[in-house]
Protein chains: 2
Amino acid sequence: MTETIQARPGGRSARVRAAVHRAVEELAAAGPAETLTIPAVAARAGVHPTTVYRRWGSVAQLLADVATSRFSGDVVVPDSGSLAGDLERWMGDVATDLADPDVLALMRATIGSGPEGGCACTADRHEQLGAIIEREKARGGRVPELERAVDMLLGPLYYRAIFSGRPASSDWARGLVAALLAG
Amino acid sequence: MTETIQARPGGRSARVRAAVHRAVEELAAAGPAETLTIPAVAARAGVHPTTVYRRWGSVAQLLADVATSRFSGDVVVPDSGSLAGDLERWMGDVATDLADPDVLALMRATIGSGPEGGCACTADRHEQLGAIIEREKARGGRVPELERAVDMLLGPLYYRAIFSGRPASSDWARGLVAALLAG
DNA sequence: ATGCTAACGCAACGATGAGTGCGATAATTT
DNA sequence: AAATTATCGCACTCATCGTTGCGTTAGCAT
């Protein structure tokens, strides 16, 4: 949760923003998609609907903002010394994060809100994966293409989360790393 | 488009159903997500809103119905004689289908409508992939696990379609088959 | 400590989505 | 061919979303 560091004491705007973000996450997790409306968010956040309308404008923009905040900086890029170790550790963390039903609900709502929704959920993950590969390249090791890594790691992981009902265990996610590095 | 075979002459219900389905696809492709409302769908379909409310109840159920219809039976399972040939041909067809922006818009809306939305988009694809593998097994050939095939074929394909902005070309999709069969 | 500015709350309004009872129509069955 | 039944259209009502103007408050700077 990034809200604690964003809600700096003394800033009302930051406080309101944090409350609204939290309300969006809770509502997305609780009810069906059509209940995620601006008046409902405002009521749950203890804020007047006008404020939300003025600062975010629409549910789509609000969801994009919440998603980019929620899906950035919540997973730390490890530095275990080896590419395999970094990837396994990182994939396990991402899979654990994706195991939370509330996170999935937020992702689904964001995807449904517009064409850019999906990118908002995974843009930071792309950067993190690129950073891991770049670091190994700096070490002098042989590295896979970033595109290929995205396909074989993030692809199955997010596919299971969204399309297949079955849960993506942390162990299984780490197993994908072996398949990538073997090819 | 499956509408032509569903709109059998003489059946008013089927005609209405086809018109509503078509309207949903068009509206999902055209405007933002919040414009996909039941009165709008009814108006575009030339049908009274009451009819849509009574037959489908909510936008989520309507989207699930449209998605299962649209994503079933639109790709024929090939029979080229070999597993690699079948998979390459089938992946190319699926990728071509996913290249249509309208199809993507419908998928996004369906995913956002509820937890079951994603499954409605890929359930038929799972069955088709299972059928291809089963047939090869009947031929006596060595086959990969269905789970593994889903991870390495459908995973990257649908991830690119939803999360990554980049288009999934038909050639690239066929290339995934080689990676699967090599492992 | 005091003035300034940006953000928020409030109260109203219009627009539109959601739901209901009833009559009419088309498709099916005997 | 006539009766039956499921389905649809229509008129009406209620709830609520989206928006605007104005006053107030909190945060910030001198």
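Here is the naming used below: chain letters follow the sequence lines, and residue numbers restart at 1 for every chain.
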Side chain to side chain donor-acceptor pair (under 3.5 Å) pairs touching residues 33-47 of chain B, sequence neighbours excluded, are B/Glu26-B/Arg44

With sequence neighbours excluded, residues passing salt bridge (charged side-chain N to carboxylate O under 4.0 Å, His left out) with A/Asp65: A/Arg17

Could you tell me how far apart A/Ile38 (CD1) and C/dG17 (P) are, to the nearest whole angstrom? 16 Å

Need the bend value for the helix from C/dA1-D/dT30 to C/dT30-D/dA1: angle between end axes, 5 pairs each end, nearest 10°. 40°

Give every residue pair that meets the salt bridge (charged side-chain N to carboxylate O under 4.0 Å, His left out) criterion with at least one member in residues 167-179 of chain B, sequence neighbours excluded. B/Asp171-B/Arg174

In a check of side-chain contact (heavy atoms from CB on, under 4.5 Å) between A/Val24 and each of A/Val52, A/Val41, A/Val59, which one passes? A/Val41

Does the ring center of A/Tyr159 lie less than 6.0 Å from the ring center of B/Tyr159? no

Rounded distance (Å) that lies between atom P of D/dC17 and atom CG of A/Leu36: 11 Å

Keeping to residues at least two apart or across chains, list the salt bridge (charged side-chain N to carboxylate O under 4.0 Å, His left out) pairs with something in residues 100-117 of chain A. none

Give a yes or no on whether the backbone of A/Thr68 and the side-chain of A/Asp124 come within a donor-acceptor separation of less than 3.5 Å. no

Heavy atoms of B/Pro78 and B/Arg135 approach each other most closely as O-NH1, 2.8 Å

Within less than 4.0 Å of OP1 or OP2 of C/dG19, is there a side-chain N or O belonging to B/Tyr53? no

Integer-rounded Å distance: D/dG18 C1' and A/Gln61 CD: 14 Å

B/S/- contact track for nucleotides 1-16 of chain C, protein heavy atom under 4.0 Å: ------BSBBB-----

